[in-house]
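First comes the structure, then the notes that go with it.
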Amino acid sequence: MTDKHVYLFDDDLGDEYADMQAKKDLLGGKGAGLNVMRHLDVPVPPGLTITTATCNHFRTHDGAFPEGMEAQVREGLKTVEEEVGRGFGDPKNPLLVSVRSGARMSMPGMMDTILNLGLNDETVEGLAEGSGDRRFAFDAYRRFLQMYGDVVLGVDHSSFEEVLGNLKRELGDGRMLDSDIPVDGLEELVKRYQKLIADEGSAPFPQDVWEQLWGAVAAVFRSWDNQRAIRYRRMQGFDDDWGTGCTVQAMVFGNMGQTSGTGVCFTRNPSTGEKMLYGEYLVNAQGEDVVAGIRTPLNITAAGAPPGREDETLERQMPEVFQTIVDLCAKLEAHYGDMQDIELTVERGKAWVLQTRTGKRAAHAAVRIAKELVDEGVLTREQALMNVDAGVLDQLLHARLPTPEELEKEGTYPVASGLPASPGAATGKIVFDADQAEEAAKNGEEVILVRRETSPEDIHGMKAAQGILTATGGMTSHAAVVARGLGKCCVAGCSDLQVDYGKREVVARKDGGHAVTFQEGDVITLDGTHGKVYAGALDVVAAAKVPELETLMKWADQVRTLKVRANADTPRTARLARSFGAEGIGLCRTEHMFFADERLEAVRCVVLAGSPEQRKEWLAKIEPMQRADFTKIFRAMDGLPVTVRLLDSPLHEFLPREEAEHQQVADALGEDIAQLKARARQMHEVNPMLGHRAVRVGLTMPTIYEAQVRALLQAALDVSADGIDVHPEIMIPVVGIAGELSRMRKLVDATAELLFAEAGRRVDYQVGTMIELPRACLVAGEIAESAEFFSFGTNDLTQTTFGISRDDAGRFLPTYVDDLQILPADPFARLDEDGVGELVSIACERGRAKRGDLKLGLCGEHGGDPISIDFCHRTGLGYVSCSPPRLPIARLAAAQAALRHR
Ligand code: ADP
Ligand code: MG
Ligand code: MG
């Protein structure tokens with residue numbers, strides 16, 4: 001028996017594929033969605049889908065279809081022919097099909113789709129006759145020839161445009177609209193396109209419809225491996241082995257006159273999340289004309305239209321069709337329990353659905369939609385928590401621009417207005433193409449990508465830019481959809497703008513007023529929340545509170561078991577962290593207490609002191625300042641634990657550099673400059689990151705850590721006298737040997753006892769260590785004998801495990817991840833579970849075996865990455881600690897992990 005390669009939309013996929021994800025894995029998202037919709041009685045033109053596994057067979061067998069596939073497709077098409085009442089290749093009454101790509105995760109516009117397949121010199125006559133519209137038939141044929149010639153036979157898109165342009169000029173108007181070309185013009189165009197393909201294509205255009213079909217299926221499969229699809233997968237972290245499904249579907253026609261059209265609609269506003277249908281459409285058009293952003297489309301709803309243009313909407317012009325669409329949207333949203341992004345075609349007054357998927361949305365919209373779906377009773381709280389992509393929540397805390405009204409009061413007016421396609425604020429220099437944007441971003445420049453419209457080729461530039469500005473296209477245009485997906489600020493469809501790529505300038509003319517010209521490199525500011533463009537750089541203000549986020553966070557806190565702390569070094573950051581829900585400070589670095597300008601000279605004296613006595617003297621000068629710093633932090637964190645890491649920097653970093661600095665220190669220490677320089681030279685290190693730093697300094701120059709411990713515990717005594725509930729945790733960095741910590745611990749305890757004796761009071765404190773060396777993980781049992789807690793410093797643990805310096809990794813790591821795929825992700829951003837994660841697990845196990853109540857946490861960059869947080873949950877850590885703006889991410893990701901692994 002041969003494998004099953006083909007499923008009809010009407011096929012019941014059975015229990016094995018009951019789950020939506022399983023359906024998507026089998027058929028791709030588009031094919032799965034069409035199958036589901038047919039079973040929900042949504043009007044979907046009939047068709048079939050060839051599986052993703054078939055694509056993978058094709059890819060691994062030199063472009064050969066597997067045995068039996070063609071027969072199964074022929075068999076399936078018979079059913080389609082019956083339903084539609086037309087025959088594939090029938091010269092009198094031809095069935096036309098689309099051949100569509102679609103992977104298990106949406107990759108908008110990355111792969112190829114071919115429309116109107118099944119037309120040839122004979123069937124086009126049948127179509128003309130049958131539809132009673134010769135113009136329509138030849139319009140469909142020329143579109144097909146262009147797509148097929150481009151996608152399957154490799155004729156450049158621009159060659160078709162050139163032929164079209166020439167024809168228009170011969171007809172007397174080089175700028176005429178496609179829809180104004182007369183029938184015989186289109187017939188002529190069809191002939192010229194065929195000639196063009198014969199001249200430039202890899203083969204002549206096939207008149208045989210089956211040959212057309214196999215060519216198209218192969219091209220769809222091949223498009224999985226085109227450059228832009230590969231690039232997109234890298235960016236999204238999608239697997240190359242998924243393959244694409246290939247859907248063959250009966251055509252319906254949006255280009256059959258004024259009662260036909262094509263559109264895209266969202267069941268809610270994807271920018272704000274507001275519950276209102278949001279859609280755009282083009283009359284008498286086909287396929288991707290809306291998404292391509294070539295013409296700015298009309299609105300579907302009157303409420304979504306600009307004031308005064310409510311009549312130019314589908315709602316007013318075709319109220320019955322509109323009502324059907326409203327009902328369909330409601331049905332699909334209820335079924336999927338989430339906002340849907342729906343592709344529609346209206347053929348002579350009847351609405352058809354061609355695709356539905358969970359729509360990309362801005363961060364605020366995601367949170368609002370999830371909350372409101374719970375309020376509406378569509379989702380449970382837990383489902384809602386799972387629906388929101390945790391990784392985007394930090395965007396809600398980003399600074400924003402003042403509102404346009406506030407700015408106007410200060411006399412700041414926009415130079416242009418467009419659609420608020422993706423919220424946020426962005427400032428940067430104007431660039432006009434994607435490569436340039438990428439280049440500039442690499443050099444650390446902030447840029448705004450300004451385009452007439454964007455296409456899938458521009459993704460890398462959109463990612464690199466701060467914001468995106470387009471002159472054409474609507475809220476569902478490529479630019480808008482991709483920007484929301486990337487969380488980038490975007491103003492789209494800004495018709496006040498004229499972009500001139502040749503002159504590398506853009507002219508803004510608002511409401512017919514006077515024009516302002518911007519050159520490449522000029523700075524502008526975008527307000528994606530209100531759709532405004534401003535000249536120059538504007539100041540931002542703190543993010544507005546998002547009430548829905550607070551609700552969602554409350555729900556998350558109820559289900560998560562992993563605690564969240566923040567990395568915070570100053571009282572201000574500590575207070576900020578608390579306001580974002582931190583349950584403690586997981587990492588308070590003390591370096592800034594040494595590097596502050598007014599302290600640096602004293603610190604240099606400490607480091608370069610000639611004797612321990614002299615060192616103590618200088619330390620005594622810094623101690624009160626540090627004590628004051630700690631006091632403020634402890635006050636801010638009243639009731640919550642604060643993990644303070646003792647000095648971590650290599651001593652090397654404190655050495656004076658310039659002559660004047662040397663002189664200063666020499667004077668302060670009362671020494672000869674030559675002598676001082678000699679001592680500094682001796683302290684010079686070849687590899688300071690692996691050198692004299694952290695606990696190694698603590699043990700060899702014990703006065704430094706002693707002074708820090710005293711400042712810290714004295715501060716704790718001070719605040720506790722004021723009734724503050726203080727929980728200091730003293731963390732010793734870069735421990736790799738159990739003896740380092742046991743000795744250090746003695747020193748800490750002795751210092752504490754002395755202090756407590758002087759004060760006649762005590763405070764509780766804990767001593768633990770940062771685990772950041774592979775050896776520490778392996779001997780974690782012995783280390784745990786003197787540690788009450790472990791905090792995994794996964795930034796350094798990643799460096800030391802891989803032997804890769806994070807600061808230099810930029811030269812090769814991107815190649816490893818993007819091109820060679822040696823690593824699935826940057827291990828400094830996403831915890832490497834196989835290596836670093838394994839060490840963490842070992843350390844947890846061995847540490848806990850020795851000390852049952854050992855506290856375990858993680859305080860690297862990974863503490864704010866949802867996938868790494870899932871690992872922390874599974875490994876049984878007690879908390880993760882991240883930078884304050886990532887706290888909402890951590891809280892939600894921890895809740896999702898708890899739900900996932902319940
Ligand atoms: P993409 O993945 O790039 O969105 P699709 O396969 O969805 O590509 O096709 C793009 C557009 O082509 C659809 O939105 C729809 O408007 C049009 N289209 C595809 N199949 C058909 C069909 N059978 N009938 C009419 N239009 C179609
Ligand atoms: Mg589509
Ligand atoms: Mg470290």
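Whatever order the structure lists them in is the order used to number ligands and atoms, beginning at 1. All residue numbers refer to positions in the sequence shown, counting from 1.
- No side-chain heavy atom of Thr262 sits less than 4.5 Å from a side-chain heavy atom of Val346.
- The backbone of Ala250, and not its side chain, has at least one atom closer than 4.0 Å to an atom of ligand 1 (non-hydrogen atoms only; backbone = N, CA, C, O).
- By the criterion of a heavy-atom distance under 4.0 Å, both the backbone and the side chain of Val252 are placed next to ligand 1.
- Note: no N/O pair closer than 3.5 Å links Arg357 and ligand 1 by distance alone.
- Close contacts between ligand 1 and Gly109 involve ligand atoms 3 (O) [criterion: under 4.0 Å to a heavy atom].
- Between Glu315 and Arg309 there is no salt bridge, since none of the side-chain N atoms of the basic residue sits less than 4.0 Å from a carboxylate O of the acidic one.
- Contact annotation for Glu343 and ligand 1: only side-chain heavy atoms (C-beta onward) come within less than 4.0 Å of the ligand.
- With contacts defined as side-chain heavy-atom distances shorter than 4.5 Å, the pair Phe221/Arg59 does not qualify.
- Close contacts of ligand 1 with Thr262, meaning ligand atoms under 4.0 Å from a residue heavy atom, involve 16 (O).
- Applying the ring pair (Phe, Tyr, Trp, His ring centres under 6.0 Å) test to residues at least two apart or on different chains, none of the pairs has a partner in residues 312-361.
- With sequence neighbours excluded, the residues that form a side chain to side chain donor-acceptor pair (under 3.5 Å) with Asp433 are Arg504.
- Figure legend: cation-pi geometry between Arg484 and Phe266, with NZ or CZ positioned under 6.0 Å from the six-membered ring centre and within 45° of its axis.
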Point to revise | Candidate pair Phe205 and Phe144, rule ring pair (Phe, Tyr, Trp, His ring centres under 6.0 Å), full reasoning | key: CA-CA 11 Å; Phe205 170 74; Phe144 173 51; 5.8 Å; yes
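- Contacts with ligand 1 closer than 4.0 Å are made by side-chain heavy atoms of Gln355 only, the backbone lying farther away.
- Note: an N/O pair closer than 3.5 Å links Arg100 and ligand 1 by distance alone.
- Neither the backbone nor the side chain of Thr247 has any atom closer than 4.0 Å to an atom of ligand 1 (non-hydrogen atoms only).
- Geometry at the Mg ion (ligand 2): OE1/Gln355 and OE1/Glu343 form an angle of 80°, nearest 10 degrees.
- Taking the centre and axis of the six-membered ring of Trp242, the NZ or CZ atom of Arg233 falls outside the cone set by 45° and 6.0 Å.
- Under 4.0 Å from ligand 1, the heavy atoms of Lys30 that appear belong solely to its side chain.
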